[in-house]
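Input: a single structure, listed below in structure tokens.
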Amino acid sequence: MKIATYNVNGVNGRLPVLLRWLEQAQPDVVALQELKAPDEKFPAEPIRQLGYEVIWHGQSRWNGVAMLSRIGEIHETRRGLPGDPDPAQSRYIEAAINGILFAGLYLPNGNPRPGPKFDYKLAWFERLIEHAAQLLASGLPVVLMGDFNVMPTELDVYKPERWLDDALFAPETRAAWFRLVEQGWTDALRAMHPDETIYTFWDYFRNAFARDAGLRIDHFLLSPSLKDRLLAAEVDREPRGWEKTSDHTPVWIELAD
DNA sequence: ATGTCGTTTAGCAAACGA
């Protein structure tokens with residue numbers, strides 16, 4: 001089973017790129033983030049024509065998350081986190097598919113730091129940590145995936161010293177990430193590639209992709225029962241080089257059936 | 001400080017978020 005997460009940065013603006021990647025990569029379950037479209041403007045039909053069921057939680061202009069499946073019915077279990085500090089923001093969608101619980105999330109960016117946006121990021125992170133603990137306690141197989149807007153370690157940033165004050169790499173943010181992971185989650189990309197530099201995002205500015213000045217901020221966290229089923233975890237860098245593409249690129253894992 | 005996108009509209013240029 002191939003599972004992917006992709007921050008598309010505008011699902012309508014990226015539709016040709018998204019459809020091309022779906023046809024080429026053939027993922028079974030996909031989490032999308034940054035739809036930047038209200039519910040009524042989500043392009044469900046072309047996605048369905050590729051054989052996917054799809055659910056989405058949109059929002060005008062910003063945020064927005066979706067879940068796609070071509071391996072069975074999507075049973076939505078929640079949208080939004082319990083006690084979300086700002087329920088108007090569409091950042092979390094969760095569904096049971098084929099016996100696994102999938103959560104697709106778009107954690108707040110949080111810049112500038114300090115400030116109210118950074119406070120909101122940390123508050124959202126706390127809600128996620130609480131909810132993730134409950135998911136673990138359920139004993140179900142769970143995949144948490146999406147754009148976490150966190151570089152966990154110095155291996156995940158092209159110039160760590162420049163990012164120390166940024167909301168994506170600040171001590172508070174990384175501490176929250178490790179509190180989450182240490183509940184018992186497995187960082188799938190890092191587990192398969194313990195020592196490699198891995199990036200999933202490259203800024204549009206200053207030719208960052210060509211210089212490989214990237215960040216690893218799109219992640220998969222696996223519950224304990226899924227850890228032993230992990231066969232592969234990779235970044236698909238090719239779509240980042242396409243015309244009119246997102247600043248993120250798809251990341252995927254393969255789980256044994 | 002700056003760079004570049006997608007999206008929206010007190011609207012076709014400018015603001016915002018990233």
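Throughout, a chain's letter reflects where its sequence line sits, starting with A, and its residues are numbered from 1. Since the model is a prediction, treat every value here as computed from it, not as a measurement.
Taking atom P on both B/dA10 and B/dG17, the two are 16 Å apart, rounded to the nearest angstrom. Using atom C1' as the reference point in both B/dA15 and B/dG11, the two lie 12 Å apart (nearest Å). Comparing the same atom, P, in B/dA1 and in B/dC5 gives a spacing of 23 Å after rounding to whole Å. With both ends at atom C1', the span from B/dA18 to B/dG3 equals 13 Å, rounded to whole Å. Across B/dT7 and B/dC12, the matching C1' atoms stand 14 Å from one another, rounded to whole Å.
Evaluation of the side-chain contact (heavy atoms from CB on, under 4.5 Å) rule for A/Trp62 yields A/Gln59 as partners, not counting sequence neighbours. Every residue was checked against the side-chain contact (heavy atoms from CB on, under 4.5 Å) condition with A/Pro116, not counting sequence neighbours, and none meets it. Evaluation of the salt bridge (charged side-chain N to carboxylate O under 4.0 Å, His left out) rule for A/Arg127 yields A/Glu130 as partners, not counting sequence neighbours.
Relative to the ring axis of A/Phe201, A/Arg216 does not place its NZ or CZ within 45° and under 6.0 Å from the centre.
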Enumerate, atom names and distances included, each donor-acceptor pair closer than 3.5 Å involving a side-chain atom of residues 250-257 of chain A, sequence neighbours excluded.
{"from": "A/Glu254", "atom 1": "OE2", "to": "A/Met1", "atom 2": "N", "distance (Å)": "3.0"}
{"from": "A/Asp257", "atom 1": "OD1", "to": "A/Met1", "atom 2": "N", "distance (Å)": "3.3"}

Which side-chain N or O atoms in residues 136-150 of chain A pair as donor and acceptor under 3.5 Å with protein atoms at least two apart or in another chain?
{"from": "A/Ser138", "atom 1": "OG", "to": "A/Leu135", "atom 2": "O", "distance (Å)": "2.5"}
{"from": "A/Ser138", "atom 1": "OG", "to": "A/Leu140", "atom 2": "N", "distance (Å)": "3.2"}
{"from": "A/Asp147", "atom 1": "OD1", "to": "A/Asn149", "atom 2": "N", "distance (Å)": "2.9"}
{"from": "A/Asp147", "atom 1": "OD2", "to": "A/Asn7", "atom 2": "ND2", "distance (Å)": "2.9"}
{"from": "A/Asn149", "atom 1": "ND2", "to": "A/Leu107", "atom 2": "O", "distance (Å)": "2.8"}

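The base of B/dT4 has none of its N or O atoms less than 3.5 Å from a complementary donor or acceptor on the side chain of A/Arg206.
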Protein-proximity profile, nucleotides 7-18 of chain B, B/S/- by nucleotide at the 4.0 Å heavy-atom cutoff, equals SB--------BB
